[in-house]
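Note that the structure is a prediction, hence the values are computed from the model and not measured.
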Amino acid sequence: MMTTIVKSHDNENIVWHRHNVDKSSRAEQKKQKPCVLWFTGLSGAGKSTVAGALENRLVELGYHTYLLDGDNVRHGLCRDLGFSSEDRRENIRRIGEVAKLMADAGLIVLSAFISPHRAERQLVKDLLPEGEFIEVFVDASLDVCEKRDPKGLYKKARAGEIKQFTGIDSEYQAPVNPEVHLHAGDKTVSELVELSLHSLRKRAIIRD
């Protein structure tokens, strides 16, 4: 069977190839509903910790997942980017495109990024079909995050060693109406994972 080709780029020499094996067939093979769980919050709020623990539980339950972590992607995919507003925007754009491809592969994608601006998070949401982007707000106050400061970044930011640090001299725009709101300042990781699983069950992402 011939591949259907549709134009999807300003350059007429670049076209999108539609293949016979699509998202629905990949998802059916895995017996799951693909989605992107987008964890956002201040540095030190617990995004990576909760996302990692949630992925462990999902894998235990038999689901196919992939976790994209903010620090990890800067070792490869985004290693050429700094922390200017433009570079941060490009960082999120690239991650969004990768997350979209992974969801197209039928996976439950977990991404843990500060992603401080609503516009960039909306950009990723707009890449995905309705209901496939699930914003998870890991909500911990600046005071709590500074006290944790697992990487010592807040201390460096306060000393002026790190510029444009989110929450100190760069704005964090909290989600207005996230699909999942995790109050990370007063709950354990296990409690936050259970709340996340409950939300995924309500949305029929998982069934167990």
Side-chain angles (χ1 to χ4, degrees), residues 23-77 91-92 94-116 121 124-125 127-141 144-145 147-151 172 174-175 177-208:
K23 179 192 288 186
S24 61
S25 59
R26 298 184 190 106
E28 174 59 28
Q29 183 185 53
K30 296 175 178 62
K31 306 299 180 186
Q32 64 185 36
K33 183 178 178 181
C35 68
V36 174
L37 302 172
W38 193 272
F39 289 77
T40 179
L42 291 170
S43 177
K47 299 179 300 299
S48 295
T49 300
V50 177
L54 178 58
E55 184 183 35
N56 288 343
R57 284 295 305 278
L58 289 171
V59 170
E60 288 172 1
L61 293 169
Y63 292 97
H64 299 256
T65 66
Y66 196 91
L67 173 58
L68 292 165
D69 179 80
D71 283 350
N72 291 355
V73 298
R74 283 185 176 272
H75 281 278
L77 179 67
N91 183 59
I92 296 303
R94 292 184 193 180
I95 298 308
E97 293 288 354
V98 170
K100 177 184 175 181
L101 289 173
M102 289 185 164
D104 191 59
L107 297 174
I108 294 174
V109 185
L110 304 92
S111 65
F113 300 87
I114 294 174
S115 49
R121 299 194 297 267
V124 178
K125 183 176 183 178
L127 291 173
L128 298 159
E130 182 72 25
E132 202 165 290
F133 177 90
I134 300 174
E135 188 174 45
V136 183
F137 180 26
V138 184
D139 187 359
S141 69
V144 167
C145 293
K147 286 178 180 177
R148 291 175 178 173
D149 202 11
K151 303 174 187 176
Y172 177 75
N177 189 28
E179 283 76 15
V180 184
H181 192 160
L182 301 178
H183 296 277
D186 57 3
K187 287 184 171 57
T188 67
V189 172
S190 295
E191 289 172 330
L192 297 174
V193 167
E194 288 305 317
L195 288 170
S196 300
L197 289 172
H198 176 69
S199 181
L200 293 180
R201 292 185 183 104
K202 281 179 60 179
R203 290 169 171 75
I205 300 297
I206 64 173
R207 298 179 177 86
D208 60 282

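Side chain of Glu135 to backbone of Val180: no donor-acceptor contact under 3.5 angstrom is found. Within the 3.5 Å criterion, the main-chain N or O of Thr188 finds a donor-acceptor partner in the side chain of Glu191. The closest donor-acceptor contact from the side chain of Thr40 to the backbone of Phe137 lies at 3.5 Å or more, if one exists at all.
In this structure, the side chains of Thr65 and Val109 stay at 4.5 Å or more apart for every pair of heavy atoms. Using a 4.5 Å cut-off on side-chain heavy atoms (C-beta onward), Arg207 and Arg201 make no contact. Within the 4.5 Å cutoff, no side-chain heavy atoms of Pro175 are placed close to those of His181. In this structure the side chain of Ile206 reaches within 4.5 angstrom of the side chain of Leu58, judged on heavy atoms. Phe113 has its side chain within reach of Leu68: a pair of non-hydrogen atoms, C-beta onward, lies under 4.5 Å apart. Within the 4.5 Å cutoff, the side chain of Glu130 has no heavy atoms near those of the Lys125 side chain. At a threshold of 4.5 Å between non-hydrogen side-chain atoms, the residues Ile95 and Trp38 count as touching.
Listed here is the closest heavy atom pair of Lys30 and His64: CB-CD2, 3.7 Å. Contact detail for Ser111 and Val36: the closest heavy-atom pair is OG-CG1, 4.4 Å. When all heavy atoms of Ala184 and Ala45 are compared, the closest pair comes out as CB-O, 3.5 Å. Summarising the geometry of Ala51 relative to Leu110, their closest heavy-atom pair is O-CD2, 3.5 Å, with the distance given to 0.1 Å. In terms of heavy atoms, Ala27 sits closest to Pro34 at CB-CD, 3.6 Å. Of all heavy-atom pairs spanning Asp104 and Arg26, the tightest one is O-NH1, 2.9 Å.
Shown here is Lys23, whose NZ atom has more than 12 heavy atoms of other residues, nucleotides or ligands within 6.0 Å. Within 6.0 Å of CD in Gln29 there are 12 or fewer heavy atoms belonging to other residues, nucleotides or ligands. Counted within 6.0 Å of NE2 on His198, heavy atoms from surrounding residues, nucleotides or ligands total 12 or fewer; the atom is thus considered open.
Taken to the nearest 0.5 Å, the NZ atom of Lys202 stands 13.5 Å off from the CG atom of Leu197. Atoms CD and CZ, from Glu179 and Arg203 in turn, are 6.0 Å apart once rounded to the nearest 0.5 Å. Lys47 contributes atom NZ, which lies 7.0 Å from atom CG of Leu42 (distance to the nearest 0.5 angstrom). To the nearest 0.5 Å, atoms OH (Tyr172) and OG (Ser115) are separated by 6.0 Å. Rounding to the nearest 0.5 Å gives a distance of 9.0 Å between OG of Ser199 and CD1 of Ile205. The distance from atom CZ of Phe133 to atom CG of Leu127, rounded to the nearest 0.5 Å, is 9.5 Å.
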Leu54/Val136 under side-chain contact (heavy atoms from CB on, under 4.5 Å): CA gap, chis, key distance, verdict:
CA-CA 12 Å; Leu54 178 58; Val136 183; over 6 Å; no
- Task: Could you walk me through whether Glu60 and Arg57 pass the salt bridge (charged side-chain N to carboxylate O under 4.0 Å, His left out) test, one step at a time?
- Result: CA-CA 5 Å; Glu60 288 172 1; Arg57 284 295 305 278; 3.8 Å; yes
inquiry  = Run the side-chain contact (heavy atoms from CB on, under 4.5 Å) test on Leu128 and Lys100 for me, step by step, so that the C-alpha distance in whole Å, both residues' side-chain angles and the decisive distance to 0.1 Å come before the verdict.
reply    = CA-CA 7 Å; Leu128 298 159; Lys100 177 184 175 181; 4.1 Å; yes
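Of the options Ile108, Leu195, Ile134, a side-chain contact (heavy atoms from CB on, under 4.5 Å) to Leu200 is made by Ile134 and by none of the others.
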